[in-house]
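Structure, as structure tokens:
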Amino acid sequence: MIKFPSKFLVVVFTFCLLKITVFGQDEKGIATLLSGPVSVTTKAGASLQGSLSRTEDGLLQLQIKSEDGEAIFTYQPEEIRAIFFPGGILVNRAGELIREDNLTEALPLLEAIYEQRSNFLPFVAESDLLLFTALPSAYLDAGKPANAIAVSRNLLPHLQNFRQRERLDEAVILGHFSLGLREETKNLAASWIGKRDLYSDSALGWWIQAHLDFGKGNYREALWTSLHPIVFSGQIPMKYLDSCYALAIAASHELKNEVKAHLLYTEMQTRGLDWPEDELLAPYRILYNRSPDPITDNPNK
Amino acid sequence: METMQSRCVSWNSIFRVIAISLIGSLFLPIVHGQEGDTLQSLLQKASAAFQSGQYESAAMLFDSIEEQFVEEEEYRAVALQKILLPMRAYSLLRVDRAGEAAAFFELFLENYPLEAEKRNFVRFHLAQAYEQTDDADKAIVAYQQFEAENKGRPEASLAALRRADLLRFTGRVDESIQLYNEIYAGGTPLGVRRQARLRALQATIAAGHLDLSRDILLNTPWRVETMPELAQLAFSAHGVGDQLLAESRYAEATRCYRLVPPKNVLIKKQIERLRDTRAALRNSTRLTAEPGKALWREYYTNLAQKLEEDLQSLQDSPDYTSGFFLRYGQSLLLGDRGEEAWLVFQTLAENPEVENSLRVEAHYRWILAARALSLWNETLEIAQSFQRRHPESPLVTQVIFLVAEAYKELRDYERAATLLGTLIDQYPKHPQLPRWVFTRGFYYTLISRYPSAREDFQQCLESGPPDRLGEEARLWHALSWFFEKNYPIAVDELVALGKSLKHSPLQPDVVYWLASTLYSQKEFDSALEHLDLYFKKYPGHRRVAEASVLRGDILMGQGELLGAAVAFSKVTPEAGRLFPYATFQTGKIYRAMEEFERMASHFENYLTRTDLPANSRKSEALYWTGWAYEQLGRIESAFPVFTEALVSHGNDPAATDIQLILKSLHRLHNKRFPASEKPAESFSLWLSNEIKSTQTDGKITYHSRLNLYLADLYEKENRFEEANALMMETIRNAPLDSLGAEFLGWAGLLLGDLEFPSAKDYFEALVERFPERPERGMGYYGLAKQRFKNKRPEQALPWLEKLADELPAHPLAADATLLQGKVLAELGKPHEAIARFEALLKIKMARGRLHAEALLGIARSYRLLNEPEKAIGYYQRIFTVYRAYTVLVSESYLQSAELFEEINNLRAARDTLEEFLDNPGLGQPEQRSLARAEIARLESLLKMEQTEVTMEISQP
């Protein structure tokens, strides 16, 4: 019989336990994995482990307990080179779930990791922060728009990456939109539009503005706004373009321009865009989902 | 453009392993050559050079080996030659010695036909060698053999692609396209299929097969998010888009243009694709030295090289983006996508980074986009901003012309004509001058300034050559007489024009207008003769529908109802609004013939049509259907028709006859129904419920109409306060644009009576939104009345003239005539004022207050003309005939008393005032006390007069 060294068995056992905990998303297990000591490396080269906290004036305090007693070290932020938090396996698993686009399962992990680190965001490397950019989207999917806004706004000052900043900006807009905060949403969307190039890969701001206008019965404004990304879109995929098409079709219909609505619907299908899930616009899909009339719907007639 | 020159790459890895191992093992016995080099050492050197890609050295070393050891047994050994020949041939191929390379490849294939593995390599590169020696036919055959020997393997598609290229560049374009299509349709790797598709596209474009290019471009799922050849696709799409635009195939052009990103985006994406392709190439070089893999490596290398070239030339080329957007916008504009075109042109016009000439052009087209959408206020604003931003542009004259056109569409004809006047004055030598003068004349016609219009048409005739515009000017000169109702001159000019325009395209118009003028002149038979001539000679002319309607109207007037119905039946839905007109005229004929059954089915058929034009008066058709059923006594049929009309059209502001429908429904409620059809509630209860539910449902238009009807009921019951309160509440709660024509009119009149300035908004909305509805007469009248009250009689007059001209039978026509008289009097034109008042007196329907006021107006006018006797006569008519109108009567008494005194008839003055006082219902207290004082004053004057007379008599 093969004899394994006891240390090996402990490692295997711990690994299995971790796997069960992580994949089973047990809250207590997650908390356990994240609750270990934090390692701090200073620019002077010292490495210490302990319990980390932040004072009100922005200093870092590392509390180290030993049999002999307790020591508290206080650092200026600029003295810190790096901080290493426990729970790397959770970070890996969260990353996997995000790549699999499984934000529902990723959410509790991300929430816990974010809670562990949110006080120390200025000290976390940007590459490590990128993990959290999925958290607002996960919150939005879970119907927690206020959390999405809060996390996005916390993260934004610490990120330089343009793509990720865009993603967080979008989460802030969508959060406000979900909360029904019309005026704020409208202002945010306008600011989003102001920052975008003509040929963008997203039509979020246009869609939001058009949707708000449509909801208020301002069909003309909704039409013009939603047409903007349609005009300046090509074959390169654009997020929310399908929603803009649906709004433009619905607005054209309300403006009694059914020929235009048919033309846009046909074009939407030609471009391989599906009708979006949107309660407000669902009736219009039924209206236009039919074979085109060879006379009235032919733009080259 | 590609050449036949091969883009070959390092092949050394194929032979690297083989060469090192075999050359080492084959030459164990060292054979000495010249200058101390052995065959083995030379082979090792050549192999090393080959491995490191130094093909020049390798080729020289292989030459040297051949020279030195050709006779040696070891050199001629089959095992060595099997390796050496392909290596040597390949080295030669790479140093542009393709002829020799081909010879060695051929030699290998001849001598070692069973060497399957190397044969593929040799065959493929033999084909390349043929390509380099411009022996395309042999190359094609070699590739074909390669394909045959490798059937089903992905590498075969690479050979097929090269063969297709060769076919294409040797003029066998159709064969090449066919082969590209076969490759695309085959099961080859996606990248090769896509390249085949792209090259097929390029071949069809070069060959001028536009439809094929279009099909390939628009029916291929290009997957641009991953495809490397983005730039090639974009340029092809740009070219095809331009051709389609030139051929007026706008929708397809738009689709092609959608495949073209702006230059900066394209460069960014192309860099990303190049990076991906290089990564793919790196992956392929890590693979083992299988010949198949090597071919793919070569493929990726060529692809990366081509992408680099594309990227470089893209970066070096001038920015195409703005010019492209201009054409994209044009395809949208001409494809009836005005909003989208607007957005493109506006973006270009407002971008300071775009070259100025393009911005000018874009701004101009932006105006055209607004114009195409009939957004005239916006057209005006955009055009005015063009004038401000680009005052020096040669397009400025065209822009001013468009501004004038916008004013015309906004019905501000005066301003449109003035603007054209500026244009005409500023650019007297412009080639477009005759067109501008003609257009101004046309605008003058629209504001009834016929003499000015004729001057312009005459000037246009004199300033330009006798072309089509000149003919149009002559026609419009004649028509200006027609519109001025001077029919004899119009007929003379049209007859003269008809004689001189024998073969002009305007000839049918002349005949039509002649018929129309003769009809207006009541020469019906002559008009019918001209219409017959018109139908006979010009059966396909654009005015056939109008002519049919005219014929129908003439015959209807002559009582030939069946003939008229036949004429109206010739009008089809393509005639636009003439079709509803003809339909309703036919309905009138059935009504006159009391053919109510037919009348109902006539309108029912009309309502079931799917080809009706906009504004097809469906609610009106429903009303007449219900009315016809009512005449037939079929109340149970009429009732649902009226109800349906309200449900379907009640909330549509454009719907007509809703008040009549409500009235009919009201009437029907009081009739006897069959028991099963009896309405469950009384009309008043129904109306009350309907008012509540429309308010709850937010059906504002319908709600306002119901309230209008209820207010009318209140008025009929003399509940004026309730009526006004209901109207005011409705006015407060309903946005202007939700109201129908009738409500706008009545609301305006009520607000005007109550002296609310907002009445103007209602009248203006009515006139602007419903320019063809008879209710607009309320708007004309209301606007005139407001201006008169605001002491602007000169502004009131045009509205009243418009009402008299356009709607002579309007219910407010008599009130308008009265107001016109007052306005003319105010303008110091008493003779013209008297003529209007006299005209009113001839209208029997206006008997009563209106006649009394007309008499008062005449009296006042004569007073202005200092003709007191005549004035007194009219005042006396008022207080003898219209005693019920006490205010007017009081004024008449007091005024005529004053006038009697003026003509020194003091007794008559006193008697008049006494008569006034004898009637206790007349005058205000202050008027009555004034009359009493006047009587006293007159009495004393009369006494003095009497005294003087007595004294005169008593004189000896």
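Only this structure's heavy atoms are used, side chains among them; waters, hydrogens and symmetry mates stay out. Below, read A as the first sequence line, B as the second, and so on, with proteins coming before strands; counting in each chain starts at 1.
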Reported [atom1]-to-[atom2] distance for the pair [X] and [Y], which is rounded to 0.5 angstrom:
X: B/Glu339; Y: A/Asn257; atom1: CD; atom2: CG; result: 6.5 Å
X: B/Leu218; Y: A/Thr270; atom1: CG; atom2: OG1; result: 9.5 Å
X: B/Asp336; Y: A/Leu263; atom1: CG; atom2: CG; result: 9.0 Å
X: B/Gln346; Y: A/His228; atom1: CD; atom2: NE2; result: 7.0 Å

The interface call for A/Ile230 against chain B, heavy-atom contacts under 4.5 Å, is both
Heavy-atom contact with chain B under 4.5 Å, split by part of A/Lys256
neither
So does A/Val231 get a backbone contact from the side chain of B/Tyr328, meaning a donor-acceptor N/O pair under 3.5 Å?
yes
Answer yes or no: are there more than 12 heavy-atom neighbours, outside [X] itself, under 6.0 Å from its atom [atom1]?
X: B/Lys263; atom1: NZ; result: yes
X: A/Arg182; atom1: CZ; result: yes
X: A/Glu100; atom1: CD; result: yes
X: B/Lys699; atom1: NZ; result: no

Need one label for B/Arg337: side chain, backbone, both or neither, based on atoms under 4.5 Å from any heavy atom in chain A.
both
If I measure from the heavy atoms of chain A, does B/Val265 come under 4.5 Å with its side chain, its backbone, both, or neither?
side chain
If we only count heavy atoms from C-beta on, is the B/Met227 to A/Gln235 side-chain gap below 4.5 Å?
no
When the ring planes of B/Phe325 and A/Phe232 are compared, do they come out parallel, tilted or perpendicular, using 30° and 60° as the limits?
perpendicular
For B/Pro261 and A/Tyr199, the nearest pair of non-hydrogen atoms, with its separation, is CA-CE2, 4.2 Å
